[in-house]
Amino acid sequence: MSQPQRIQPRTLKGFRDYLPESMIPREALIDTAKRIYRSYGFSPIDTPALEYLEILTGKGSEETDRQLYRFEDNGGRQVGMRFDLTVPLARFAAQHIGQLGVPFKRYHIATVWRGEAPQRGRFREFMQCDFDTIGTRSATADIETALVIHDLMQAIGFSRFAIRLNHRMVLNGVLERLDLLDRSTQILRTLDKLGKIGPAKVADEMMAAAGMTGDQASEVLKLADLHGSHDTILSALEPLVAGSQIGQEGIARLSEIVAGIRAAGVDSSRVILDVSIARGLDYYTGAIYETFLDDLPKIGSVCSGGRYDNLAGMYTNQDLPGIGASLGLDRLLSGMEELGMIQPVRTPADVLIAYFDRQRLHEYLALAAKLRAAGIGVEVYPDAKKLAAQLKYADQRGFRFALIAGSREFESGMCQLKDMQTGTSIDCSLDDDARAIITAICGDR
RNA sequence: GUGGCUGUAGCUCAGUUGGCUAGAGCAUCAGAUUGUGGCUAUGAGGGUCGGGGGUUCAAGUCCCCUCAGCCACCCCA
């Protein structure tokens, strides 16, 4: 008799399992995002994980094409796994916009795949939480994008964060004045590293990689020296874009957005005009957003996005401008963990009913049903093990309450509701549809 | 894709210039008069030392390859 050949249980590089203790906060975050998106009228959509390869390739840089998971399906078709949610949105919009009408607001929370080198907080399979408004150039949509980010961050539980706002037209205005517009992609990508490598190295790289003169580099870097109130920065920008109509328009647009955000009641310290953020992606054409945590600036932006014109030009003649942003779910979760914002809970239920008295299973099941009907999560322990073991189980999983009812309790019509955190228990009547238990639990919320 | 660092139990690690059946803490499970968890002692399970090859009388330890993780570049969420 030979031992059966065991297969080593393992996951692919850059792919992960999620245990309950990480999945519970993850789902909570996703639920919060959905709630906020929906509160602004964004509707959910979904698209296939697999697309025809031609849909996905050639949309970003060479780099993104290289990172695309691609293969031939069983029918001999060349297919690829979606790399982000924006390209599928473009295809989706080109295909369905006739039925949807504009403006169209959607959110899309789904998994995407990129075959790049994994690092901390970077994986080959990860989730994006996008929301976008397409079919309008209105500044209202730009304002609303910032408001969604703001509300979302607050709903998640952050008070110390800042949304950094910029406009590509301002950047392009500066480049136009310096006659550098033809190299904007390279220059902006370099500028985007400012927070990481500092102005001196950015200047070096601008001269080396984009062939700029030292004067040109320092002109561009003046953007980074602008600090202060929104009005201060906006007026300081004027000379930097002098003579550029694009730049003028960008400034006008930026001030319109800032004014709108303020009118909606957002504390102005939450929105910072940072005309040095550029975002690496070429397709942004207007407002750009990045969101940083005051307490963890080095983890980078946790919610980013911007305006792009001509989203679906590759697929349709219809003119579809849009704006949107994406919550960096994994980055945010690791940040929250670092800040101690995540409770170590391994159960979604509130109460564990101990299976105490072997004869009383049906009473336990009936009681559980009553509590569930009141919206309380309840687990009935499956085995009539000794109470200590069941309480230990409740403790380790993070149940907030244990409900203890043996023959003694049933005889008196009462049960013990034990608060696992404090260790104290209160007696609750079992009569009247367990009303007493329900108020004791819900009153605690 | 390029470069650097790392890889011993589920987790954090020890393991002397290569030398007998590879250890600890935490975690897990079991039991300590079968009605009360977190603390305390007790016991048990769990490792082909990431995998493969080589050098050697002898490899967790040295060499090569490979896989995986971390860091930087690149890019990005």
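A note on names: the letters A, B, ... follow the listed sequences, proteins ahead of strands, and every chain is numbered from 1.
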- prompt: Between Y364(A) and F410(A), how do the two ring planes meet: parallel, tilted or perpendicular, split at 30° and 60°?
  reply: tilted
- request: Assign the ring pair F131(A) / F42(A) to parallel, tilted or perpendicular, where the plane angle (0 to 90°) is split at 30° and 60°.
  value: perpendicular
- prompt: Going by 5.5 Å between centroids and 30° between planes, is there a stack of F126(A) over A77(B)?
  reply: yes
field: Atom C1', compared across U2(B) and G60(B): separation rounded to whole Å
entry: 31 Å
task: Could you check how far CG of D84(A) sits from C1' of C76(B), rounded to whole Å?
output: 11 Å
- request: Rounded to whole angstrom, note down the P distance from U8(B) over to U61(B).
  value: 13 Å
statement: Rounded to whole Å, CG of L68(A) lies from P of C76(B) at a distance of 15 Å
message: Between G50(B) and A14(B), how many Å separate the two P atoms, rounded to a whole number?
response: 13 Å
- prompt: With respect to the phosphate group of C73(B), does any side-chain polar atom (N or O) of K193(A) fall under 4.0 Å of OP1 or OP2?
  reply: no
field: Under-4.0 Å salt bridge between R168(A) and D309(A)
entry: no
field: Separation of atom CE in M127(A) from atom C1' in C76(B), rounded to whole Å
entry: 18 Å
- prompt: Side chains of K201(A) and E205(A): does their closest heavy-atom pair fall under 4.5 Å?
  reply: no
- prompt: For the pair made of CZ in F123(A) and C1' in C76(B), what is the distance, rounded to whole Å?
  reply: 13 Å
query: Q128(A) side chain to S326(A) main-chain N or O, any donor-acceptor pair under 3.5 Å?
result: no
List every contact pair, protein side and nucleotides 38-46 of chain B side both N or O, where the distance is under 3.5 Å.
| residue | atom | partner | partner atom | Å |
| --- | --- | --- | --- | --- |
| G38(B) | O4' | D395(A) | OD2 | 3.4 |

message: A side-chain contact here means heavy atoms from C-beta on lying under 4.5 Å apart; do L191(A) and M206(A) qualify?
response: yes
task: Using the P atom as the reference point in each nucleotide, state the distance between C65(B) and G3(B) in Å, no decimals.
output: 12 Å
message: Please confirm whether the shortest side-chain N or O distance from K385(A) to OP1 or OP2 of A30(B) is below 4.0 Å.
response: yes
field: Interatomic distance where CZ belongs to F399(A) and C1' belongs to G37(B) [whole Å]
entry: 13 Å
task: Give the rounded distance in Å between these two atoms: CD of E290(A) and C1' of C76(B).
output: 11 Å
- request: State which residues pass ring pair (Phe, Tyr, Trp, His ring centres under 6.0 Å) with F123(A); sequence neighbours excluded, sorted by chain then number.
  value: none
message: Let's test your reading of the model: under 3.5 Å, does the base of C75(B) pair with the side chain of R122(A) as donor and acceptor?
response: yes
Just the atom pairs and distances: protein N or O near nucleotides 1-7 of chain B's N or O, under 3.5 Å.
| residue | atom | partner | partner atom | Å |
| --- | --- | --- | --- | --- |
| G1(B) | O4' | R66(A) | NH1 | 3.4 |

statement: Parsed dot-bracket for RNA chain B after applying the Watson-Crick and G-U rules with both distances under 3.5 Å and | for other-strand partners is (((((((..((((.....[...)))).(((...........))).....(((((..]....))))))))))))....
message: Within a 6.0 Å radius of atom CD on Q421(A), are there more than 12 heavy atoms belonging to other residues, nucleotides or ligands?
response: no
Between N or O atoms, less than 3.5 Å apart, protein on one side and nucleotides 32-35 of chain B on the other: list the pairs.
| residue | atom | partner | partner atom | Å |
| --- | --- | --- | --- | --- |
| G35(B) | O6 | R408(A) | N | 3.2 |
| G35(B) | N1 | E409(A) | OE1 | 2.9 |
| G35(B) | N1 | E409(A) | OE2 | 3.3 |
| G35(B) | N2 | E409(A) | OE1 | 3.4 |
| G35(B) | N2 | E409(A) | OE2 | 2.3 |
| G35(B) | N2 | Q416(A) | NE2 | 3.0 |

message: Distance check, C1' atoms only: A59(B) and A72(B), in whole angstrom units.
response: 33 Å
query: Can we say R435(A) and D432(A) salt-bridge, meaning some charged N sits less than 4.0 Å from an Asp/Glu carboxylate O?
result: no
- request: Would you please classify the geometry between the Y308(A) ring and the Y284(A) ring as parallel, tilted or perpendicular, with 30° and 60° separating the classes?
  value: tilted
- request: Give one of base, sugar-phosphate or nothing for G115(A), where a contact means two heavy atoms less than 4.0 Å apart.
  value: nothing
message: Need to verify one output field. Residue with the more 5' nearest nucleotide on RNA chain B, C303(A) or L391(A)?
response: L391(A)
message: Measure NZ/K13(A) against P/G51(B) and give the value in whole Å, please.
response: 18 Å
- prompt: Where the side chain of R307(A) meets the backbone of P321(A), is there a donor-acceptor pair that is under 3.5 Å apart?
  reply: no
message: Taking the P atom in each of C11(B) and C49(B), what is the distance between them to the nearest angstrom?
response: 16 Å
message: It should be established whether R114(A) places a side-chain nitrogen or oxygen under 4.0 Å from OP1 or OP2 of nucleotide C75(B).
response: no
task: Go through the structure and list residues passing ring pair (Phe, Tyr, Trp, His ring centres under 6.0 Å) with F126(A), not counting sequence neighbours.
output: none
message: Work out how far the P atom of A22(B) is from that of U48(B), and round it to whole angstrom.
response: 12 Å
task: Sticking with atom P, work out how far G38(B) lies from C29(B), rounded to a whole angstrom.
output: 13 Å
- request: Please tell me if the side chains of D84(A) and R114(A) come closer than 4.5 Å, counting only heavy atoms from C-beta onward.
  value: yes
message: Could you check whether any side-chain N or O of S301(A) sits under 3.5 Å from a backbone N or O of T291(A), counting only pairs where one atom can act as donor and the other as acceptor?
response: yes
field: Sidechain-backbone polar pair: K105(A) side chain, Y40(A) backbone, donor-acceptor under 3.5 Å
entry: yes
- prompt: Are any of the side-chain nitrogens in R397(A) or E379(A) under 4.0 Å away from the carboxylate oxygens of its partner?
  reply: no
query: Rounded to whole angstrom units, what separation is found between the CD atom of Q396(A) and the C1' atom of C29(B)?
result: 11 Å
